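Remember, it's 1-based here, ligands and their atoms both numbered in the order they're listed. Bear in mind the structure is a predicted one, so any value in this text is a computation, not a measurement.
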Amino acid sequence: MIATISPVSVTEAHPFRQALVDAGLLFPSDVPGVYGRGAAMEAIVAGLDAAISGLGSDDGTSVIRFPPVMSRAMIERGGYLRSFPHLLGTVHCFEGDDAGQERILQQVERGEDWGGEQRLTDLVLAPAACYPIYPASAGTLPAAGRLLDVSAYCFRHEASPDPARMQAFRMREFVRLADPATVEAWRDQWQPRALQFLRDLGLDPRLAPANDPFFGRGGRLLAASQAADGLKLELLVPTSSDVKLTAVMSLNYHREHFGETFAIRTADGAIAHSACTAFGMERIALALVRAHGVEPGDWPAEVRARLRLAA
Ligand code: 5GP
Ligand code: ZN
């Protein structure tokens with residue numbers, strides 16, 4: 001039998017999800033957490049994109065847009081499989097012959113698993129927008145370090161009826177690579193800036209240490225050290241629920257992890273530090289819908305103006 005993609009039924013009752021679908025903001029598919037986006041949803045995301053550019057860029061910012069796939073070798077080296085093997089999507093392809101194709105067609109016909117004919121390729125689906133930056137930054141940074149503005153469609157294998165937990169979603173990030181003091185100062189100034197960004201959109205964010213879903217027995221240890229080291233903070237707001245808040249942004253300080261792994265050095269030869277600020281585009285959009293309603297035309301004028309939504 002084909003391994004079921006998800007134990008979650010797409011028809012499971014979810015009032016907020018239903019409201020988004022009824023309003024034409026999201027179009028459901030037969031797979032939980034995979035949606036089409038309507039025009040109004042895309043206008044909100046485009047408005048957020050422009051507002052975020054204004055917020056985090058300076059004269060030296062490099063803008064890079066990534067496809068939804070990235071190098072498998074780089075994900076292996078970066079350590080993602082140690083923490084989140086259950087979330088990673090790998091790209092498999094058929095590289096067989098006529099007999100192999102025949103086996104696939106028969107297995108599909110019988111409703112059987114045809115994965116045996118598929119081979120792991122050099123690609124995985126990007127789990128976060130910033131990952132391709134670190135291997136690409138190997139070598140010596142300019143004296144001032146580097147500030148990058150990146151985005152990608154990201155994938156995480158987490159089927160859920162909750163519309164705020166999508167399997168495929170857009171992530172925008174600013175990434176700072178430099179010496180430790182510069183990176184720490186950059187990360188610190190993002191705390192008030194990120195809170196203000198969300199408040200200016202009429203949201204009421206809470207800043208809290210992150211609580212990532214690390215895998216397996218080793219995961220408990222990783223979760224405990226994440227809570228203790230304070231290197232990742234999240235901004236939480238109501239999206240699908242007023243009670244259980246959702247992380248719409250994260251502030252991450254990786255210290256020397258990527259610098260060491262990918263041989264990134266500062267101008268004076270030391271291992272570079274890195275930090276990133278991530279925006280979950282759909283989640284922020286859903287938080288806005290939660291706060292202001294399914295009809296963006298009825299949102300407060302200041303919020304509409306900030307997102308350049310037509311009056
Ligand atoms: P992180 O790398 O911190 O887990 O994710 C960065 C941001 O991506 C989160 O703050 C959130 O806004 C967004 N994100 C993470 N997981 C999901 C998800 O399952 N669905 C959606 N729509 N956004 C997500
Ligand atoms: Zn990042």
Side-chain angles (χ1 to χ4, degrees), residues 6 8 16-17 20 25-26 31-35 37 41 44-45 48 52 56 64 66 70 74-75 78-80 83-84 86-89 125-137 147-177 183 186-187 190 194 197-198 203 205-215 222-223 226 231-240 245-255 257-258 273-290:
S6 151
V8 181
F16 186 55
R17 178 180 179 282
L20 295 162
L25 290 160
L26 294 182
V31 179
V34 177
Y35 299 92
R37 281 81 168 144
M41 181 73 179
I44 300 167
V45 170
L48 285 170
I52 291 167
I64 311 182
F66 289 109
M70 64 169 287
M74 294 307 133
I75 275 289
Y80 194 80
S83 302
F84 309 112
H86 56 309
L87 300 184
L88 186 66
L125 301 178
C130 71
Y131 281 115
I133 279 302
Y134 309 109
S137 301
L147 176 63
L148 300 114
D149 163 349
V150 299
S151 85
Y153 239 107
C154 297
F155 174 88
R156 294 182 188 177
H157 187 230
E158 296 184 282
S160 167
D162 178 354
R165 187 164 295 289
M166 294 181 174
Q167 299 205 68
F169 55 93
R170 277 162 288 189
M171 196 187 296
R172 181 87 184 270
E173 297 197 56
F174 290 105
V175 184
R176 190 76 172 99
L177 294 162
V183 172
W186 182 85
R187 202 276 305 246
W190 263 106
F197 172 68
L198 295 175
L203 302 174
R206 193 165 304 162
L207 189 67
N211 182 20
D212 281 340
F214 293 100
F215 182 78
L222 291 170
Q226 179 177 63
L231 295 180
K232 176 168 179 175
L233 301 172
E234 290 180 324
L235 285 97
L236 304 150
V237 293
T239 53
S240 297
L245 305 183
T246 311
V248 294
M249 290 181 62
S250 69
L251 312 178
N252 305 272
Y253 181 25
H254 322 115
R255 283 202 289 227
H257 172 71
F258 290 116
H273 278 216
S274 64
C276 64
T277 298
F279 302 76
M281 304 305 287
E282 283 81 3
R283 278 193 179 173
I284 302 175
L286 296 190
L288 290 168
V289 172
R290 180 83 193 182

Practice item. Specify the protein heavy atom at minimum distance from atom 9 (C) of ligand 1: its residue, its atom name, and the distance to 0.1 Å. Key: A247 O, 4.0 Å
Study note, to complete from the structure: Note on the Zn ion (ligand 2): protein N/O/S atoms within less than 2.8 Å are C130 SG, E173 OE1, C276 SG
Point to revise | Where ligand 1 meets R156 - atom numbers and elements under 4.0 angstrom, heavy-atom basis | key: 1 (P), 2 (O), 4 (O), 5 (O), 15 (C), 16 (N)
**Study point:** Ring centre gap for Y153 and F169 strictly below 6.0 Å
**Key:** no
Check your understanding: Where the side chain of R283 meets the backbone of A164, is there a donor-acceptor pair that is under 3.5 Å apart?
Key -> yes
Review point. Going by distance only, is there an N or O of S250 that falls short of 3.5 Å from an N or O of ligand 1?
Key: yes
**Study point:** Heavy-atom donor-acceptor pair, R290 side chain to S240 backbone, under 3.5 Å
**Key:** yes
Review point. So, is A128 polar-close to ligand 1, with some N/O to N/O distance under 3.5 Å?
Key: no
Review point. In the protein, which heavy atom is nearest to atom 18 (C) of ligand 1, and how far is it?
Key: R283 NH2, 3.3 Å
Practice item. Look at the side chain of E282 and the backbone N and O of M166, then say whether any donor-acceptor pair between them is shorter than 3.5 Å. Key: no
Check your understanding: In the protein, what heavy atom is nearest to atom 19 (O) of ligand 1, and what distance, to one decimal place, separates them?
Key -> M166 O, 3.0 Å
Review point. With atoms numbered from 1 as shown, which atoms in ligand 1 lie under 4.0 angstrom from a non-hydrogen atom of E158?
Key: 19 (O)
Check your understanding: At a 4.0 Å threshold, what atoms of ligand 1 neighbour a non-hydrogen atom of M171?
Key -> 5 (O), 6 (C), 8 (O)
Review point. Between H257 (side chain) and G78 (backbone), is there a donor-acceptor pair under 3.5 Å?
Key: yes
Review point. Looking only at atom types and distance, does a side-chain atom of Q167 sit under 3.5 Å from a main-chain N or O of P32, one as donor and one as acceptor?
Key: yes
Check your understanding: Between H86 and F84, what is the ring plane arrangement, given parallel below 30°, perpendicular above 60°, and tilted in between?
Key -> tilted
Exercise for review: Check each atom of ligand 1 against the heavy atoms of K232 and keep those under 4.0 Å away; list them by number with element.
Suggested key: 1 (P), 2 (O), 3 (O), 4 (O)
Check your understanding: Is there any N or O on V248 that sits under 3.5 Å from an N or O of ligand 1?
Key -> yes
Practice item. Closest by any non-hydrogen atom to atom 14 (N) of ligand 1: pick that one out of F155, F84, F169, F279. Key: F169
Revision key, fill the gap. For A278, the ligand 1 atoms with a heavy-atom partner under 4.0 Å come out as 6 (C)
Check your understanding: Do other residues, nucleotides or ligands put more than 12 heavy atoms under 6.0 Å from the CZ atom of R255?
Key -> no
**Study point:** Between OG1 on residue T246 and CG on residue L286, distance to nearest 0.5 Å
**Key:** 8.5 Å
Practice item. Look at the aromatic rings of F279 and F174 and report parallel, tilted or perpendicular, splitting at 30° and 60°. Key: perpendicular
Check your understanding: With a 4.5 Å heavy-atom cut-off, do K232 and Q226 have their side chains touching?
Key -> yes
Check your understanding: Donor-acceptor pair, E173 side chain versus C276 backbone, under 3.5 Å?
Key -> no
Practice item. Heavy-atom contacts with G280 under 4.0 Å: which atoms of ligand 1 show up? List them by number with element. Key: 8 (O), 11 (C), 12 (O), 13 (C)
Study note, to complete from the structure: Any heavy atom of R165 under 4.0 Å from ligand 1? The part involved is both
Review point. Which part of C154 is near ligand 1, with near meaning a heavy atom under 4.0 Å away: side chain, backbone, both or neither?
Key: neither
Practice item. Working to the nearest 0.5 Å, report the span between CG of L48 and CD1 of I284. Key: 5.5 Å
